[in-house]
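Step one of this worksheet: look at the structure below.
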Amino acid sequence: MSKTLTTRKQDYSQWYNELILRGGLADHSAVRGCMVIKPYGYALWENMRDELDRQFKATGHQNAYFPLFIPKSFLSKEAAHVDGFAKECAVVTHYRLKNDPNGKGIIVDPEAKLEEELIVRPTSETIIWSTYKNWIQSYRDLPLLINQWANVVRWEMRTRLFLRTAEFLWQEGHTAHASKEEAIEETERMLDVYANFAEEYMALPVIRGIKSPNERFAGAEETYCIEALMQDGKALQAGTSHFLGQNFAKAFDVKFSTKDNTEEYVWATSWGVSTRLIGALVMAHSDDEGLVLPPKIAPIQVVFVPIYKGPDSKPAIDAKIKELAKQLQAKGVRVKMDLDDAARPGWKFAEYEMQGIPVRIALGARDMENNQVEVARRDTKEKQVMSMDNLDSHIVDLLSAIQNNLFDRAQQFRTAMTTEVTTWEEFVDVLDNKTGFVSAHWDGTPETEEKIKELTKATIRCIPLNNKLEAGKCILTGNPSTQRVLFARAY
RNA sequence: CGGGGAGUAGCGCAGGCCGGUAGCGCAUCUGGUUUGGGACCAGGGGGUCGCAGGUUCGAAUCCUGUCUCCCCGACCA
């Protein structure tokens, strides 16, 4: 194996793939399009999951669990929904295997055919709303605020680790409300939770916006999203929150009695983020030496690397490292000590850089004499010598500085990579050469968006929330427009 | 699903056209010397050549099928 990664400049896709594998986040599996999330990658996901879960509960949601399988008939109850997902569903048709009568292993027992085929959930709106029908009778049962952590399956043609896999982990919130206003408020609230999580914990600046009709979730009235920009100038949808109107309530006949005893359909939302966030994280911050993880969600925040000199130096150095590590752990810092004397320091340095551990602390005989350590930060690769006195609080401050720096760096990049254009020539030129977000006027029709996509492969990523209204002419048709929207090529 | 490339030791690859004892580097194991940016010396272990068929006295090599990965398109979070 080569010592270095393919660089971003050489081949961005390959860089990404190598990084996931060599950073120890995931492996390919024996099943096409599916991945094995390795312990280090899963620890990262757990940190993200735990914080999101905390925020969901803080906003009044409860966790529940609904089945993996959905009766085929449920999926077709909402017309737009089935249209959106039909092409990528895994279907269970039988429930038993048997020995091949010809003696060649095992076969599906043709006599064990299901009466009604089951769909492996690509998302759970239908199974959940068929259940909500039984849970909701009165306005007193509302709002109903449920989330589930689950796996889903979408049979994608082309897959990439974390960014698009056939099976992925996610959470899906499904809420029911008495009024349209309340449902929209919920949709926006959860978008805010996502945006704050992305920015504060993942150090990933995001644009909050709404999707154009073309990009809307199948079955939604309105799809809100957070959009992030990757280092190669492509956009990535990092989370979505949908106002579902009364579409699913009508499809599954979920009505409630109001205070004045009238009967009305329930208003719905759904919202989700997935393990795709890990892909976003990797592509937003990492460099040609490996992963760069934001301290707040990094599985390991600080790694100690001893530098032994002579056979007798180990006990004293190890003892000092354990002492310093204990102080850090007391402040809530996640610490690893690599006291293996078989591997050399240089090898460890490179390895922990590959894994994106935010801070590395090296400690050798020289440091012991001077009561100091060498502290290296992953984000800037700067090294500084620090006193062992009060090291814990200095490291806590440093972790916070790294977190902020990652966010600022990503935000500056995004600002620099967001371009306003007025002519079609500029539009195409920016997409081809500069890349990034392109802010341009659009006449608001799905036909124009479709045409632009055909011509340039760029899509409308979103119409930013609180967008400035400004009269202009559509980039393609020249028709009048009231506001700019964000275009980009996207993952 | 279409077009292109690939699958040989844990990893990276050579061999294949022209069938005849399966190789190299890294990693690993043992012993020793080492340790401030991917250590060195010596010795050792590890493979049904992706899988399944076929041709042949004999297949990593030729033929057919199949699975997986990568790149490019169509689809998508």
Side-chain angles (χ1 to χ4, degrees), chain A residues 1-4 6 11-14 16-18 21-22 27-35 83-89 104-105 122-123 152-172 194 211 214-218 223 225-228 235-242 270-280 289-290 305-314 317 338-354 360-368 370 372-374 376 381 383 385 453-454 457 459 461 490-491:
Chain A
M1 184 159 50
S2 107
K3 277 185 184 175
T4 55
T6 298
D11 187 337
Y12 195 83
S13 296
Q14 201 182 334
Y16 175 82
N17 284 321
E18 286 179 13
L21 298 173
R22 293 185 53 186
D27 266 339
H28 293 287
S29 74
V31 182
R32 179 183 164 70
C34 294
M35 66 178 165
D83 270 2
F85 287 105
K87 283 171 291 188
E88 50 188 34
C89 287
K104 306 242 168 139
T123 179
V152 287
V153 169
R154 296 181 187 175
W155 214 261
E156 301 289 351
M157 291 177 175
R158 215 174 136 193
T159 58
R160 299 194 61 190
L161 293 171
F162 288 113
L163 295 176
R164 182 171 300 107
T165 44
E167 179 195 16
F168 56 94
L169 305 183
W170 78 345
Q171 58 67 219
E172 43 181 328
Y194 289 157
K211 287 292 185 188
N214 285 5
E215 300 280 321
R216 205 175 273 158
F217 176 74
T223 287
C225 62
I226 51 172
E227 288 286 326
L236 183 137
Q237 178 177 302
T240 49
S241 184
H242 313 291
S270 68
W271 29 273
V273 294
S274 71
T275 37
R276 183 181 228 204
L277 285 178
I278 293 176
E289 275 75 49
V305 177
I307 295 160
Y308 302 121
K309 195 108 189 177
D312 304 328
S313 62
K314 188 166 165 37
I317 292 177
D338 186 342
L339 305 180
D340 177 7
D341 61 354
R344 296 167 72 82
W347 187 88
K348 293 178 183 175
F349 292 173
E351 189 60 22
Y352 295 124
E353 278 162 13
M354 186 67 77
R360 179 184 76 231
I361 302 179
L363 198 164
R366 211 159 65 208
D367 302 305
M368 294 285 278
N370 300 324
Q372 66 183 30
V373 291
E374 183 195 74
K381 304 203 66 193
K383 290 190 241 188
V385 171
K453 186 177 175 183
E454 268 172 43
K457 288 172 198 157
T459 49
R461 298 323 301 157
Y491 279 100

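To find a chain, count down the sequence lines: A is the first, B the second, and so on, and within it residues start at 1.
Here A:Leu163 lies in heavy-atom contact (under 4.0 Å) with a base. At a threshold of 4.0 angstrom between heavy atoms, the contacts of A:Gly279 with the nucleic acid are absent. The residue A:Glu454 sits apart from the nucleic acid: no heavy atom pair falls under 4.0 Å. Within 4.0 Å of A:Ala238, counting heavy atoms only, lies no atom of the nucleic acid at all. Heavy atoms of A:Thr165 sit under 4.0 angstrom from at least one base atom.
Atom name C1', nucleotides B:G58 and B:A74: the rounded distance is 47 Å, in whole Å. For the P atom pair drawn from B:G65 and B:C1, the interatomic distance equals 15 Å after rounding to whole Å. To the nearest whole angstrom, the two P atoms, one in B:A27 and one in B:C71, are 28 Å apart. As rounded to the nearest Å, B:C18 and B:G25 have C1' atoms that lie 28 Å from one another. Distance noted for atom C1' between B:A9 and B:G31: 24 Å (whole Å). Separation of the P atoms belonging to B:C17 and B:G32 is 48 Å when rounded to the nearest angstrom. Nucleotides B:C49 and B:C62, compared at atom C1', are 15 Å apart to the nearest Å. Between the P atoms of B:C29 and B:C13, the separation comes to 24 Å (whole Å).
In the set B:G36, B:C75, B:C69, B:G36 carries the atom at the smallest distance from any side-chain atom of A:Arg366. Considering only the side chain of A:His28, B:C70 comes nearest among B:C75, B:A77, B:C70. For A:Glu374, counting side-chain heavy atoms from C-beta on, the closest listed nucleotide (B:A77, B:C76, B:G36) is B:G36. Ranking B:A77, B:A74, B:G38 by closeness to the A:Arg158 side chain, first place goes to B:A74. Checking B:C69, B:A77, B:G36 against the side-chain heavy atoms of A:Phe168 singles out B:A77 as nearest. Of the listed nucleotides (B:G36, B:G38, B:C71), B:G38 has the atom at the smallest distance from the side chain of A:Ala350. Between B:U35, B:A77, B:G37, one nucleotide has an atom nearer to the side chain of A:Asp341 than all others, and that is B:U35. The side chain of A:Pro345 approaches B:G36 more closely than any other nucleotide in the set B:G36, B:C71, B:G38. The nucleotide whose nearest atom lies closest to any side-chain atom of A:Gln237 is, among B:A77, B:C69, B:G38, B:A77. Across B:G73, B:C76, B:G38, the shortest atom-to-atom separation from the side chain of A:Arg22 is found for B:G38.
A:Ser13 has a side-chain polar atom (N or O) that falls below the 4.0 Å cut-off from OP1 or OP2 of B:C71. Residue A:Arg344 has no polar side-chain atom (N or O) positioned under 4.0 Å from OP1 or OP2 of B:G38. Remark: A:Arg160 is not in phosphate contact with B:C76, judged by side-chain N or O atoms under 4.0 Å from OP1 or OP2. Applying the 4.0 Å criterion to OP1 and OP2 of B:G73, one finds that A:Lys457 has a side-chain N or O inside that range.
Of the nucleotides present, B:C41 is the one that pairs with B:G31 by Watson-Crick or G-U wobble criteria, both distances under 3.5 Å. In a base pair of the Watson-Crick type (N1 to N3 plus N6-O4 or O6-N4) or a G-U wobble (N1-O2 and O6-N3), with each distance short of 3.5 Å, B:U56 is matched with no nucleotide. With a cut-off of 3.5 Å on both Watson-Crick or G-U wobble distances, the partner of B:C49 is given as none. Base pairing of B:A6: its partner is B:U68, meeting the Watson-Crick or G-U wobble criterion (both donor-acceptor distances under 3.5 Å). Pairing for B:C24 is with B:G12, a Watson-Crick or G-U wobble pair whose two hydrogen-bonding atom distances lie under 3.5 Å.
Inter-residue side-chain proximity for A:Asp341 and A:Lys314 is flagged as met; some heavy-atom pair is nearer than 4.5 Å. With contacts defined as side-chain heavy-atom distances shorter than 4.5 Å, the pair A:Leu236/A:Arg276 qualifies. Within the 4.5 Å cutoff, side-chain heavy atoms of A:Asn17 are placed close to those of A:Arg160. With a 4.5 Å cut-off on side-chain heavy atoms, A:Thr240 and A:Tyr194 do not count as touching.
Salt-bridge formation is detected for the pair A:Arg461/A:Glu215: a Lys NZ or Arg NE/NH1/NH2 atom is positioned less than 4.0 Å from an Asp or Glu carboxylate oxygen. The pair A:Lys211-A:Glu227 meets the salt-bridge criterion, with a side-chain N (NZ, NE, NH1 or NH2) lying under 4.0 Å from an Asp/Glu carboxylate O.
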(Q) Walk me through whether A:His242 and A:Ser270 qualify under side-chain hydrogen bond (donor to acceptor under 3.5 Å, both in side chains). (A) CA-CA 5 Å; A:His242 313 291; A:Ser270 68; 4.6 Å; no
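Ring centroid separation for the pair A:Tyr16 and A:Tyr491 does not come in under the 6.0 Å cut-off.
No N or O donor and acceptor, one from the side chain of A:Glu351 and one from the base of B:G37, sit under 3.5 Å apart. The base of B:G37 sits within donor-acceptor range of the side chain of A:Lys383, with an N or O pair under 3.5 Å.
Between the P atom of B:G37 and the CD1 atom of A:Ile361 lies a distance of 18 Å, rounded to the nearest Å. Rounded to whole Å, the distance from NZ on A:Lys309 to C1' on B:U34 is 10 Å. One interatomic measurement links the two molecules: CD of A:Glu227 to P of B:A77, which rounds to 11 Å at whole-angstrom precision. Atom pair A:Tyr308:OH and B:G36:P shows a separation of 13 Å (rounding to whole Å applied). Per the geometry, CE belonging to A:Met35 stands 13 Å off P belonging to B:C69, to the nearest Å. The CH2-C1' distance, from A:Trp347 to B:U35, rounds to 14 Å in whole Å. The CZ atom of A:Arg164 sits 12 Å away from the P atom of B:C71 (whole-angstrom rounding). Nucleotide B:G38 holds its P atom 16 Å from the CG atom of A:Asp338, rounded to whole Å.
Where A:Phe349 and A:Arg461 each meet RNA chain B at their nearest nucleotide, the meeting point lying more 5' is that of A:Phe349. Checking A:Phe162 against A:Gln14, the closest nucleotide of RNA chain B that is more toward the 5' end is the one next to A:Gln14.
Under the 6.0 Å distance and 45° angle rule, A:Arg360 counts as a cation-pi partner of A:Phe349.
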